[in-house]
Structure formats: structure tokens, C-alpha cells
Enquirer: 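What follows is a structure written as C-alpha cells; I'll ask about it next.
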Amino acid sequence: MGSQHELPADRSYSKPLGIRFLEYIKKAKLSYESHQAIVLIVTFFAYASYHATRKTTSIVKSALDPQSSDVGLKFPWRITYLSAPAESKGLSWVLGDGWAPFNGSDGTALLGQLDVAFLSVYALGMYFSGHMGDRMNLRIFLTVGMVGTGLFTSLFGAGYWAKIHSFYYYLIVQMIAGLFQSTGWPSVVAVVGKWFGKKKRGLIMGIWNAHTSVGNITGSLIASALLSYGWGWSFVVPGLLIAFMGLVVFFFLPVSPESVGAYREEDEVDSLRKSEEEEGVTEPLLGSNTELKEKAVGFIEAWKIPGVAPFAFCLFFAKLVAYTFLYWLPYYISHTAIEGKYLSNEAAGNLSTFFDIGGVLGGILAGHISDRLDARAITAATFMYCAIPALYFYRSYGHVSVVMNVALMFICGMFVNGPYALITTAVSADLGTHSSLKGSSKALATVTAIIDGTGSVGAAIGPLLTGYISAESWSAVFTMLMGAALVAGLLLTRLVVAEVVARISESRSQGGSQTGSEAPELD
């Protein structure tokens with residue numbers, strides 16, 4: 001009988017550990033800023049692990065197909081010159097030269113098909129992931145995506161020990177991995193967007209977006225370091241890493257202020273309600289606001305939000321440029337004479353990281369400038385227009401010296417990745433909480449997925465077109481990239497004009513109020 005009375009007290013332990021931890025955090029009464037710090041740190045390393053697993057394939061290509069360019073990041077850095085472009089490089093490991101079916105004459109084409117398949121499924125899956133993310137618990141949704149990504153990344157590497165030589169095995173595994181990868185970006189942006197208001201969102205997200213470069217570099221280091229032990233480890237270890245981070249997300253990530261009992265310092269809906277009460281308005285401006293908050297915004301409705309379509313198509317061309325550099329820059333550097341000499345594949349891979357470093361600075365600058373001006377479209381369009389001469393000068397003068405190449409590459413990264421980072425972070429969060437939604441916060445993941453999913457289509461097309469065009473002329477490739485940057489900027493023209501008009505009218509109204517306040521002093 002006594003044990004029966006003790007049962008109710010023990011039932012709390014039947015709850016999942018993650019839920020118990022969040023309940024503990026809720027009772028601990030942490031400050032709002034402490035919760036924000038936890039959100040930034042956890043989502044930063046979560047998405048860095050996504051990019052670490054994504055980068056692995058480009059590093060292992062040289063092991064699977066010795067004819068492909070060795071683009072691994074290795075330390076210590078050193079500049080190695082060759083008398084001619086490096087076309088192949090043998091690998092001194094037990095498997096010998098390559099891994100069937102990728103070591104044949106069509107090996108490079110097969111690896112290219114893996115890239116296109118991954119990015120295509122990733123782009124398509126992004127739309128569905130955003131739609132589901134707004135209708136599920138983001139903490140659980142993100143955890144499932146990360147564990148799934150880790151599983152199928154590891155299964156790709158398992159082909160090494162299982163001695164699998166079927167191209168379709170690797171193709172299917174990559175496609176499923178791309179599907180799980182698509183859960184990441186809409187989820188992390190939605191979580192961060194719920195915790196941070198618009199006031200400093202651009203700067204904060206610009207700094208936070210450095211996770212992309214951190215993940216790329218970390219993935220390169222891990223994959224390169226483990227390659228000599230067998231290329232399978234280069235997939236399994238990053239796969240285990242992202243699965244572990246998925247558990248961290250499940251245990252520690254508070255997806256919204258409401259989930260832990262925290263309160264926003266600036267709640268727009270509450271401020272509207274207060275203003276209505278002060279003005280004596282009896283009918284609520286937003287109607288049944290509670291129901292709107294609970295109802296997720298549909299896919300078509302999200303497309304109709306003002307600004308979503310222009311920014312989505314702008315990102316299509318911005319990502320086309322960015323991902324062409326991601327996949328082809330090391331190859332381009334190693335096949336371009338600098339000071340009359342060719343760099344080794346290892347040196348070219350090291351040098352190409354300056355594009356990512358420039359992108360980090362570009363993301364921070366774009367976010368800060370857009371915050372100060374309160375003009376996302378003007379900032380993004382200006383960066384894209386500035387990328388055109390930067391690309392021209394890099395193609396025309398990058399061969400003069402290594403220093404010149406690094407400097408121009410850094411500038412290209414800043415102007416290309418700056419608007420890319422701004423649109424995928426602050427702009428997506430802004431539009432996901434747009435005033436036309438009338439208080440609903442259930443559009444963040446859907447809007448983010450629409451914008452980045454559309455951009456990911458361009459990310460798949462750019463490297464694919466470059467593979468064909470570069471066979472004829474690299475100048476033609478850069479012409480394509482400059483044209484894409486121009487179109488990206490032009491797509492924002494209507495929004496730019498609207499922001500300029502708004503700034504002019506705002507300055508006129510401020511000038512008029514100042515004149516009115518000074519007038520009595522003149523009498």
C-alpha cells in the first residue's frame with residue numbers, strides 16, 4: 001500500500017530527459033539574454049556540423065577518383081609550385097588508385113552526378129522541410145534531421161569497409177542524406193528568428209552565419225586528416241559528430257521564449273494591444289490573434305508575402321555564384337598560372353579558404369549596414385553590384401601574384417557571400433514575421449525554406465554549367481558569374497526603390513518636425 005502512494009511522485013521520471021531539462025531551465029528563471037546566448041551557441045555548432053558533413057564529399061573526391069583535383073585543406077600551409085597544372089596525384093594508401101566505380105574514365109562525371117543529385121534533392125526537400133517545420137516541434141524536427149544526416153553520411157563511408165562498388169548505392173545514400181540535410185537551415189533560422197527582434201537581427205545573424213565557414217573548414221580538416229586511414233573514416237567521423245550535436249540540440253535547445261517561460265523585451269503584438277487599450281479601441285486590430293498564432297501559414301500564402309519572391313529569385317543567382325566558387329575555386333586556382341607558375345592542388349585548396357574568410361566579413365558587414373540603414377534590399381543589391389567588378393578584376397589580375405590573388409579573392413568572397421548570408425538569415429527572419437501575417441509567427445521555417453530552397457536550385461545549376469563552360473573558356477565562366485550577379489541585383493530593384501522612397505519621406509518628415517519645433521523660437 002505504501003508503495004502505491006509513492007508512485008505519483010515517481011511518474012515525472014517517465015518524461016523524456018530533454019523535456020525534463022527544459023522544465024528545469026524554465027524553473028531556473030534564466031535571464032532572456034542567457035537563453036539567447038544558449039540559442040546562438042547551440043544553433044551555431046549545429047549548423048556548422050551540417051556543413052562539415054556536406055564538405056566531406058569534395059575532400060574525398062581525390063581518393064575516389066585520382067583524376068580529380070585534390071582540394072583538401074592541410075596544415076602547415078605552404079605554397080608549392082609546379083611547372084604545369086596538376087592533372088593527377090597518386091595516393092599512398094592501401095586501396096591504391098581510386099575506388100570503383102569512380103576511378104574509371106567517367107569517374108569525374110559520376111562524382112558530378114552525385115553533387116547534382118544531392119543539391120537537387122536538398123533544394124526540393126527544403127520546401128517540404130519548411131512546411132513541416134512550422135507544424136512540428138522544431139527541437140524534435142531538427143534532432144531527427146541531424147541524426148538522419150549522420151546516419152546516411154556514415155552509410156556512404158560504410159561502403160569502404162563493405163567493399164561496395166555500386167554507383168547506385170552511393171547515389172541513393174547521397175540523395176537521402178540531402179533530404180535530411182534540408183531540415184537544418186529552415187529550423188535554425190526559425191529558432192533564432194523567434195528569439196531575436198528586428199532591431200539588431202542583421203548584425204547578430206551576420207556574425208552567427210560564420211558557422212558556414214567554420215563548418216566547411218572543420219569538415220575539410222577532419223576529412224583530410226583521416227583520409228590516409230581509409231576514406232570511409234572521413235565520412236563516419238563527421239557523421240557521428242552531427243548525430244552527437246543532434247542529441248545536444250534535443251537536450252539543450254529552447255526553440256522559443258514560450259517553451260521556457262521567457263518573455264520578449266519587445267513583443268510587437270503586446271505593444272499593439274497596449275496601444276489599442278490606451279486609445280480606447282474596443283475591437284481588436286488583429287482579430288482573433290490567438291487562433292492566428294496557432295495556425296501555420298501555407299506554402300502558397302508564404303510565397304505571397306511581400307518581398308519573398310524577389311529575395312528568393314535574387315538568392316537563386318547569388319547562390320549560383322557562391323556555390324560555383326565553392327565547388328570550382330580550388331580547381332581554377334590550380335589550373336591558372338600565378339606569376340607564370342602553377343600551384344599544387346594542396347596549395348590551391350589552402351588558398352581558396354580566403355574566399356570563405358572574406359565571406360564571413362561580408363556577412364557581418366551586410367548585416368550591420370542593413371541594420372543601420374534599415375534597408376535590407378538596398379544593402380543586398382549594392383553588394384551584388386559591387387561583386388561584378390570584383391569578379392572582373394579577380395579574373396583579369398588574379399594571376400599577377402599570390403598576394404594579389406588572395407586580396408582579390410577575399411574581396412570577391414566579401415561581396416558574393418555578404419548578400420547570400422544576409423538574405424538567408426536576417427531577411428528570411430524578417431519576412432517570416434512580416435506585418436502582413438497579422439501576428440502569426442508560424443511562417444518562419446516556411447519562408448526560410450522557400451528562399452533558401454530556391455537559392456539551392458541555383459547552387460546546383462551553377463557548378464553544373466561551369467563544368468561544361470570551363471572546358472571551353474574560364475573567361476566565359478566569369479562572364480556567366482558577372483551576369484548572374486547583375487540579375488540578382490536587378491531582381492531587387494522594386495524593393496530598392498520602395499526603401500529609397502521610404503527613407504526620403506522619413507527624412508522629410510523629420511526635417512518638417514524640426515522646422516516646426518524651431519518656428520516658435522523665431523517669433
Side-chain angles (χ1 to χ4, degrees), residues 40 44 47-48 51 55 185 188-189 192 200-217 311 314-330 332-333 351-395 398 404-430 451-452 455-456 458-459 462 478 481-482 484-489 491-492 496:
L40 285 178
F44 181 95
Y47 204 70
H51 263 267
K55 183 68 175 177
W185 191 241
V188 294
V189 172
V192 174
K200 293 183 179 179
R201 183 180 283 164
L203 176 60
I204 292 171
M205 285 189 150
I207 298 172
W208 172 76
N209 195 63
H211 52 48
T212 299
S213 298
V214 171
N216 287 339
I217 295 173
F311 274 114
C314 172
L315 188 63
F316 174 95
F317 291 98
K319 271 192 127 176
L320 185 151
V321 179
Y323 269 68
T324 297
F325 269 84
L326 176 67
Y327 280 92
W328 285 97
L329 184 57
Y332 171 74
I333 294 173
L351 211 63
S352 67
T353 58
F354 282 98
F355 182 83
D356 277 327
I357 298 173
V360 173
L361 179 60
I364 295 173
L365 283 177
H368 178 64
I369 293 171
S370 68
D371 280 344
R372 293 293 299 271
L373 298 178
D374 191 21
R376 308 289 197 210
I378 293 175
T379 305
T382 301
F383 269 67
M384 290 310 306
Y385 290 139
C386 290
I388 298 173
L391 291 167
Y392 174 79
F393 285 123
Y394 181 66
R395 171 58 181 165
M404 180 70 74
N405 190 288
V406 168
L408 293 174
M409 186 196 313
F410 181 90
I411 294 172
C412 284
M414 184 174 65
F415 287 123
V416 169
N417 283 349
Y420 164 29
L422 178 66
I423 294 172
T424 54
T425 55
V427 170
S428 296
D430 290 349
I451 293 176
D452 199 43
S456 296
F478 276 84
L481 298 180
M482 288 186 284
L486 176 62
V487 174
L491 285 169
L492 298 179
V496 169

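Bear in mind the structure is a predicted one, so any value in this text is a computation, not a measurement.
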Enquirer: Please assess Thr212 against Val360 for the test side-chain contact (heavy atoms from CB on, under 4.5 Å), listing each intermediate value before the final yes or no.
Expert: CA-CA 9 Å; Thr212 299; Val360 173; over 6 Å; no
Enquirer: Quick check: does any side chain N or O of Ser213 sit under 3.5 Å from a backbone N or O of Ala210, one acting as donor and the other as acceptor?
Expert: no
Enquirer: Which heavy atom of Tyr420 sits nearest a heavy atom of Ala322, and at what distance?
Expert: CD2-CB, 4.0 Å
Enquirer: Below 4.5 Å, heavy atoms only, C-beta onward: do Met409 and Ile333 meet side chain to side chain?
Expert: yes
Enquirer: Determine the interplanar angle of the Trp208 and Trp185 rings, folded into 0 to 90°, and report it as parallel if under 30°, tilted if 30 to 60°, perpendicular if over 60°.
Expert: parallel
Enquirer: State the CZ-CD1 distance between Phe44 and Ile207, to the nearest 0.5 angstrom.
Expert: 10.5 Å
Enquirer: Is it true that, when you exclude Met482 itself, more than 12 heavy atoms of the residues, nucleotides or ligands shown sit nearer than 6.0 Å to its CE?
Expert: yes
Enquirer: What is the minimum heavy-atom distance between Leu492 and Ala380, and which atoms define it?
Expert: CD1-CB, 3.8 Å
Enquirer: Provide the closest heavy-atom pair for Val496 versus Ala377 in the form atom of the first, atom of the second, distance.
Expert: CG2-O, 3.7 Å
Enquirer: side-chain contact (heavy atoms from CB on, under 4.5 Å), that's the test. Do Val214 and His51 meet it? Break it down for me.
Expert: CA-CA 8 Å; Val214 171; His51 263 267; over 6 Å; no
Enquirer: Closest heavy-atom contact between Ala485 and Val321?
Expert: N-CG2, 4.3 Å
Enquirer: Just so I know, are the side chains of Phe415 and Leu391 near enough to count as touching, which here means a heavy-atom distance under 4.5 Å?
Expert: no
Enquirer: Quick one: pull up CG in Asn417 and OG1 in Thr424 and give me the separation to the nearest 0.5 Å.
Expert: 9.5 Å
Enquirer: Going by heavy atoms in the side chains, are Tyr332 and Tyr394 under 4.5 Å from each other?
Expert: yes
Enquirer: State, to 0.1 Å, how close Asn216 and Lys55 come at their nearest heavy-atom pair, and which atoms those are.
Expert: O-CG, 3.4 Å
Enquirer: Measuring only between side-chain heavy atoms, which start at C-beta, is Leu408 closer than 4.5 Å to Arg395?
Expert: no
Enquirer: Any idea which heavy atoms bring Ala426 and Met205 closest together, and the distance?
Expert: N-SD, 3.4 Å
Enquirer: Would you say the side chain of Asn405 lies within less than 4.5 Å of the side chain of Phe354, judging by non-hydrogen atoms?
Expert: no
Enquirer: How about Phe410 and Leu361: do any of their side-chain heavy atoms sit closer than 4.5 Å?
Expert: yes
Enquirer: Would you compute the distance between atom CG of Asp430 and atom OG1 of Thr425 and round it to the nearest 0.5 angstrom?
Expert: 9.0 Å
Enquirer: Should we say atom OH of Tyr392 is surrounded by more than 12 heavy atoms from elsewhere, each under 6.0 Å from it?
Expert: no
Enquirer: Is the closest side-chain heavy-atom distance between Phe383 and Ile369 below 4.5 Å?
Expert: yes
Enquirer: Measure from the side-chain N and O atoms of Ser428 to the backbone N and O of Ile423, and report whether any donor-acceptor pair falls under 3.5 Å.
Expert: yes
Enquirer: Kindly compute the distance separating OG1 (Thr324) from CG (Leu329), expressed to the nearest 0.5 Å.
Expert: 10.5 Å
Enquirer: Rounded to the nearest 0.5 Å, what separates atom CG in Leu491 from atom CG in Leu315?
Expert: 11.0 Å
Enquirer: Measure the spacing between CD1 of Ile451 and OG of Ser456 and express it to the nearest 0.5 Å.
Expert: 11.5 Å
Enquirer: For Gly462, is there any backbone N or O sitting under 3.5 Å from a side-chain donor or acceptor partner on Tyr323?
Expert: no
Enquirer: Just so I know, are the side chains of Leu40 and Ile204 near enough to count as touching, which here means a heavy-atom distance under 4.5 Å?
Expert: yes
